[in-house]
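Note that ligands are numbered from 1 as they come in the structure, with each ligand's atoms numbered from 1 the same way.
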Amino acid sequence: MDETLESTLWNIQQRNLGEPEFIQSVKEVLASVGPLLAKYPKFAEQKIIERICEPERQLIFRVPWQDDRGEVHINRGFRVQFNSALGPFKGGLRFHSSVNLSIVKFLGFEQIFKNALTGMPIGGGKGGSDFDPKGRSDDEVMRFCQSFMTELSRHLGEYTDVPAGDIGVGKREIGFLFGQYKRISNRYESSVLTGKGLGYGGALVRTEATGYGLGYFVQQMLAARGESLDGKTTLVSGAGNVAIHAIEKVTQLGGKVVACSDSKGVVYDEAGIDLPTLKRIKEVERLPIESYCQSRKQARYQAGGKLWEIECDVALPCATQNELTGKDADALLRGGCKVVAEGANMPTAPEGIERFINAGIAYAPGKAANAGGVATSALEMQQNASRDAWSFEHTEGKLAHIMKDIHDRCLRTADEFGAPGNYVQGANIEAFTRVAGAMQSLGLI
Ligand code: NDP
Ligand code: 2IT
């Protein structure tokens with residue numbers, strides 16, 4: 001990073017003390033855009049970086065609710081409306097005990113660039129709460145969602161801000177949130193939320209989209225090296241929405257996923273992860289992954305567990321930020337891993353990214369590789385706007401096309417800016433150019 005960018009970063013750090021995840025995500029982008037700023041000095045003159053790094057609006061609010069025994073709980077709600085130069089703020093809601101302003105800001109910041117890469121008319125934002133749905137009854141989750149939406153609703157709208165799911169927020173939560181929005185606004189405004197159920201305005205493929213899109217992206221990464229997923233041993237971390245559908249698509253494309261994980265431990269199944277068993281445990285019974293071994297006798301469970309020490313060709317981190325450390329990256333490289341693509345947002349710590357890039361393996365950041373989820377959310381908005389519903393095949397075809405397009409543009413831009421094969425540089429420069437261009441056209445906003 002050159003001196004001017006270093007000093008810009010220092011100022012951003014001083015303005016956002018105590019927000020390590022946010023600063024980490026800013027640093028990664030700033031470390032990439034030097035060559036772009038050299039080519040277009042106007043971006044610096046117009047202080048585009050300083051503007052992009054400052055959210056348009058940040059909301060923090062109280063969420064009071066009562067559990068089944070009548071006890072009162074107070075959680076904190078967040079929505080960071082980061083950048084709407086390309087369209088209404090768009091990005092998920094995360095419900096997890098670890099959620100704080102730094103995490104919501106890093107997610108919102110990443111979302112700006114991811115959404116730009118999709119080529120669709122969506123700005124970037126993110127939200128959530130430190131509420132933990134684990135172990136809560138459906139009624140408790142409903143009461144929480146209703147209270148959360150009672151405040152958030154006044155800041156949303158199909159042309160303003162359109163949330164969706166993320167960790168801890170799936171179809172159940174989106175249903176409760178949409179119900180409350182409809183009640184408060186007195187409007188059946190379908191595209192105010194995406195990831196809806198199919199019975200009330202949801203779109204086919206949205207549930208599968210992030211994991212499927214990741215599978216298509218990996219297919220392109222391998223194709224660029226003259227290879228395919230056929231027979232490739234693959235590791236997937238997590239066992240949630242993204243992980244499950246990544247496992248499904250990689251398996252369909254010929255790969256063999258031998259291990260996955262949750263926050264408690266790792267499951268290794270030499271015969272390949274059995275999807276019906278995994279889906280039943282995680283989606284229906286909502287149990288820890290350990291119970292997978294009760295149905296698959298040859299499978300092994302390790303509490304805690306060192307997923308990335310298992311030998312593999314392809315590694316797909318699909319759980320959470322900074323789950324893959326520098327040491328984990330060393331272990332993957334020792335084990336022969338040639339492709340890493342991120343289903344989660346910022347799952348690889350900076351030391352890990354450095355190891356992958358120095359080793360010359362194919363490494364794709366989440367903002368490119370997991371963009372299929374939000375892209376399909378934009379397709380859901382399109383269907384809602386035209387009161388139409390597309391078939392699974394048609395929508396999946398569009399998703400595959402979008403992922404190939406993102407992949408190819410990242411590589412082309414990386415080439416153009418003298419960093420062949422570097423998906424981080426390619427994604428950041430490509431996305432930054434698009435957002436900055438729109439901001440220039442819109443005047444000083
Ligand atoms: P889910 O809630 O469906 O699943 C999350 C999975 O990650 C669970 O298996 C969970 O384990 C595990 N996990 C969560 N937090 C931790 C942690 N602190 N340590 C270890 N494991 C953890 O979420 P998603 O699958 O939707 O999201 C996964 C990742 O993908 C996130 O980074 C999210 O931001 C990103 N993403 C999601 C998109 C979407 O469309 N849903 C789109 C693009 C990115 P356990 O069950 O034990 O909690
Ligand atoms: O990180 C993400 O891209 C998401 N959680 C999905 C966002 C969306 O609006 O579909």
Does [X] pair with [Y] as a salt bridge, N-O distance under 4.0 Å?
X: K182; Y: E189; answer: no
X: E290; Y: K264; answer: no
X: R76; Y: D130; answer: no
X: E396; Y: K249; answer: yes
X: D166; Y: R94; answer: yes
X: R143; Y: D68; answer: yes
X: R412; Y: D408; answer: no
X: K282; Y: D262; answer: yes
X: R154; Y: E151; answer: yes
X: E248; Y: K279; answer: yes

Open item on the list: Can a donor-acceptor pair be found, under 3.5 Å and without considering hydrogens, that links the side chain of S291 to the backbone of L287?
Closed with: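 The answer is no, because no donor-acceptor pair under 3.5 Å joins these two groups.
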Task: Any N or O of A164 closer than 3.5 Å to N or O of ligand 2 - done: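 N/O-N/O distance below 3.5 Å does not exist for this pair.
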Open item on the list: Considering both backbone and side-chain atoms of K114, is one of its nitrogen or oxygen atoms within less than 3.5 Å of a nitrogen or oxygen in ligand 2?
Closed with: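 Looking only at distances, the answer is yes, because the N/O contact criterion of under 3.5 Å is met.
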Ligand 1 to [X] polar contact by distance, N or O atoms, under 3.5 Å:
X: A239; result: yes
X: T210; result: yes
X: V242; result: yes
X: N241; result: yes
X: N345; result: yes

Quick one: nearest non-hydrogen protein atom to [atom], plus distance?
atom: atom 6 (C) of ligand 2; result: R206 NH2, 3.5 Å
atom: atom 4 (C) of ligand 2; result: K126 NZ, 3.7 Å
atom: atom 7 (C) of ligand 2; result: G92 N, 3.5 Å
atom: atom 9 (O) of ligand 2; result: K90 NZ, 2.7 Å
atom: atom 10 (O) of ligand 2; result: S377 OG, 2.6 Å

Task: Proximal candidate to atom 28 (C) of ligand 1 [heavy atom criterion; set A371, A243, A319, S98] - done: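 Nearest heavy atom to atom 28 (C) of ligand 1 lies in A319.
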Open item on the list: For atom 44 (C) of ligand 1, tell me which residue out of S263, G92, G373, G343 has the closest non-hydrogen atom.
Closed with: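 The option holding the nearest heavy atom is G343.
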Task: ligand 1 versus R94: contacting region, heavy-atom distance under 4.0 Å - done: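 Under 4.0 Å from ligand 1, R94 contributes side-chain atoms alone.
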Task: E110 heavy atom under 4.0 Å from ligand 2 - done: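 No, E110 has no heavy atoms under 4.0 Å from ligand 2.
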Task: Min heavy-atom dist G165 to ligand 2 below 4.0 Å - done: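 Yes; G165 lies near enough to ligand 2 that a heavy-atom distance drops under 4.0 Å.
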TODO: List every atom of ligand 1 that sits less than 4.0 Å from any heavy atom of K114, numbering the atoms from 1 in the order shown and giving each element.
DONE: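 Matching atoms, with element in brackets: 43 (C).
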Task: Ligand-side contact atoms (ligand 1) for residue partner K134, heavy atom cut-off under 4.0 Å - done: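 Answer for ligand 1: 45 (P), 48 (O).
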Task: K171 atom NZ, over 12 foreign heavy atoms within 6.0 Å - done: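 Count over threshold, so yes.
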